[in-house]
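This report refers to the structure that appears directly beneath it.
The residues of the chain are indexed from 1 along the displayed sequence.
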Amino acid sequence: MNALYHTWQRYRSRRTHRLHALPIAILMPHGGCNCRCVMCDIWKGNRDARQLSVDDIAGLLASFRRLGTQQVLLSGGEALLHPAFFQLCALLKSEGLYLTLLSTGLTLERHAPQLVTAVDEVIVSLDGDPATHDAVRNVPGAFDKLQAGVRALKALNARFQVSARCVIHKWNFRNWPLIVDTARDLGVDSVSFLPADVSSTAFNRKDPWGAERQHDVLIPEADLDELDAVLGRLLRTQHDALDEGFILESPQKLRAIVAYYRAAHGQGDFPQRRCNAPWVSAVVEADGAVRPCFFHAAIGNIHHEGFDAALNGAAARAFRKGLDTAVNDTCRRCVCALYLPPHKSPLPTAP
């Protein structure tokens, strides 16, 4: 799709609430996971895990082509658990799509030779130093497997992009500055941070967590001043990582993580986040459900009405028209808002 025409279509999407362009698509090829993380319930559905078929993915391609989709994120769960994962990648790459794999990293080493050509970048989950990472993942040796996988990818192609994403929560916040050093040692190109989502129905939660389950993950109110001090230490000791962009967030965005946890305990408002995710992206889950983003409820299903009808049906248009991200409670509590201006490409390599 011509860049100027695509920009115009994205303006139309925002004004009409009917998506005329879809720069980003998030697919969850497999509904299971090979970790048992303390802040996620996806693994609890492993026995009933579903998956998108090759035909399902093939059926999305015409829509991606018409809507000018540029980037597809393969998320989960763990997408590499899909038995036809690389066949799915080949289908998507045949359309010239930029593929980003979000992975636990446990099987990267085994798949490295195929991954360096099948996808364009990998984002791995990192939870701390080796002992903390293994404890949060509830998988002995998880860090060693992650490290072996990153090294295998880099050995095959030193320029292949591998970044780390870390959720800061009760179990690792004291190690925040150390996590940056661990990411360096891991050999990734960058690291990013976000707070833990404890309030939505994302990550295989049939219902939002109750107070007791939330407090399993939330940084306790009594520790908020310590959290502030830990961040202060990070800003003092990791200024090189900030200056060179190894830490992707600005100091202001890192401080918003502290503000988020204070707000979760009633100490002030949640940080304001600019977001247009429902107008520039969509999520297709392993069971075919279509969500406007990770955190809002499904607006349709590719197995029922089809992708296009789910994306632009009456329910989807009404949702977008009525959504004010500044006041909507799910949006206010969102941990990873996306804002993509109409003129900007989502591709990391784009100017």
Discussion item. Tell me if a side-chain donor or acceptor on R233 pairs with a main-chain N or O of P177 at a distance below 3.5 Å.
Written reply: no
Fill in: Intermediate values then yes/no, side-chain contact (heavy atoms from CB on, under 4.5 Å), F193 and I179
CA-CA 10 Å; F193 298 98; I179 294 170; 3.8 Å; yes
Worksheet item: Y98 pairs by side chain to side chain contact (heavy atoms under 4.5 Å, CB included) with which of K93, Q71, Q70?
Response: Q71
Worksheet item: Is there side-chain contact between H133 and L126, with at least one heavy-atom pair below 4.5 Å?
Response: yes
Worksheet item: Pick from L102, L27, L99: which one makes a side chain to side chain contact (heavy atoms under 4.5 Å, CB included) with L73?
Response: L102
Worksheet entry | Side chains of E226 and F173 in contact at under 4.5 Å (non-hydrogen atoms) | yes
Worksheet item: Any Lys/Arg nitrogen of D223 or K170 sitting under 4.0 Å from an Asp/Glu carboxylate oxygen of the other?
Response: no
Discussion item. Between F270 and V335, is there shared hydrophobic-cluster membership here, with clusters defined by ILVMFWY side-chain heavy atoms closer than 4.5 Å?
Written reply: yes
Fill in: Taking every non-hydrogen atom, the tightest pair across Q9 and A21
CB-CB, 3.9 Å
Worksheet entry | Within one Ile-Leu-Val-Met-Phe-Trp-Tyr cluster: L146 and F160, side-chain cutoff 4.5 Å | yes
Worksheet item: Are the side chain of D134 and the backbone of A131 linked by a donor-acceptor contact shorter than 3.5 Å?
Response: no
Item to complete: Assess whether side-chain contact (heavy atoms from CB on, under 4.5 Å) is satisfied between V188 and F246, documenting all intermediate values.
Response: CA-CA 9 Å; V188 296; F246 182 74; 4.2 Å; yes
Fill in: Transitive ILVMFWY side-chain link Y339 to V280, under 4.5 Å
no
Discussion item. Using side-chain contact (heavy atoms from CB on, under 4.5 Å), reason through L60 and L52 one step at a time and then give a plain yes or no.
Written reply: CA-CA 11 Å; L60 298 172; L52 296 173; 5.5 Å; no
Fill in: H343 side-chain N/O to T7 backbone N/O, donor-acceptor pair under 3.5 Å
no
Discussion item. Donor-acceptor pair, distance only, cut-off 3.5 Å: does the side chain of R10 make one with the backbone of P341?
Written reply: yes
Worksheet item: So does D181 pair up with R184, basic N to acidic O under 4.0 Å?
Response: no
Item to complete: Ignoring hydrogens and angles, tell me if any N or O in the side chain of H265 forms a donor-acceptor pair with the backbone of Q267 under 3.5 Å.
Response: no
Worksheet item: Any chance CD of E244 has more than 12 other-residue heavy atoms, nucleotides or ligands included, within less than 6.0 Å?
Response: yes
Item to complete: Provide the closest heavy-atom pair for I26 versus S75 in the form atom of the first, atom of the second, distance.
Response: CG2-CB, 4.1 Å
Practice prompt. Check the hydrophobic clustering (I, L, V, M, F, W, Y; side-chain heavy atoms under 4.5 Å; chains of links allowed) and say if L248 and W176 are grouped together.
Written response: no
Worksheet item: Taking Q51 for the side chain and H82 for the main chain, is one N or O donor matched with an acceptor at less than 3.5 Å?
Response: no
Worksheet entry | Minimum-distance pair of heavy atoms, taken over all atoms of G245 and S190 | O-CB, 4.3 Å
Worksheet item: Has D269 got more than 12 heavy atoms of other residues, nucleotides or ligands less than 6.0 Å from its CG?
Response: no
Response to the item:
With I24 as partner, the option from T69, L347, V72, L338 fulfilling side chain to side chain contact (heavy atoms under 4.5 Å, CB included) is L338
Response to the item:
Residue pairs passing the salt bridge (charged side-chain N to carboxylate O under 4.0 Å, His left out) test with at least one member in residues 144-165, sequence neighbours excluded, are K154-D189
Fill in: Within-4.5 Å side-chain heavy-atom neighbours: L186 and F143
yes
Worksheet item: Considering residues at least two apart in sequence or located in another chain, which fulfil the side-chain hydrogen bond (donor to acceptor under 3.5 Å, both in side chains) criterion with H111?
Response: none
Worksheet item: Are D225 and R262 within salt-bridge range, i.e. N to O under 4.0 Å?
Response: yes
Fill in: Greater than 12 external heavy atoms within 6.0 Å of W171's CH2
no
Practice prompt. Check whether any side-chain N or O of D129 sits under 3.5 Å from a backbone N or O of T182 as a donor-acceptor pair, and report yes or no.
Written response: no
Item to complete: For residues L101 and A79, report the shortest heavy-atom separation together with the two atoms involved.
Response: CD1-CB, 3.8 Å
Worksheet item: Minimum heavy-atom separation for L108 to G149, with atom names?
Response: CB-CA, 3.6 Å
Discussion item. A side-chain contact here means heavy atoms from C-beta on lying under 4.5 Å apart; do H6 and P23 qualify?
Written reply: yes
Worksheet item: Would you say the side chains of R320 and N276 form a donor-acceptor pair under 3.5 Å?
Response: no
Discussion item. Could you walk me through whether L234 and I247 satisfy the side-chain contact (heavy atoms from CB on, under 4.5 Å) test, starting with their C-alpha distance in whole Å, then the side-chain angles of each, then the deciding distance to 0.1 Å, before giving a yes or no?
Written reply: CA-CA 11 Å; L234 181 149; I247 298 176; 4.2 Å; yes
Discussion item. Starting from L80, can I reach L106 by hopping between I/L/V/M/F/W/Y residues whose side chains sit under 4.5 Å apart?
Written reply: no
Discussion item. For the CD atom on Q272, are there more than 12 heavy atoms of other groups (residues, nucleotides or ligands in this structure) within a distance under 6.0 Å?
Written reply: no
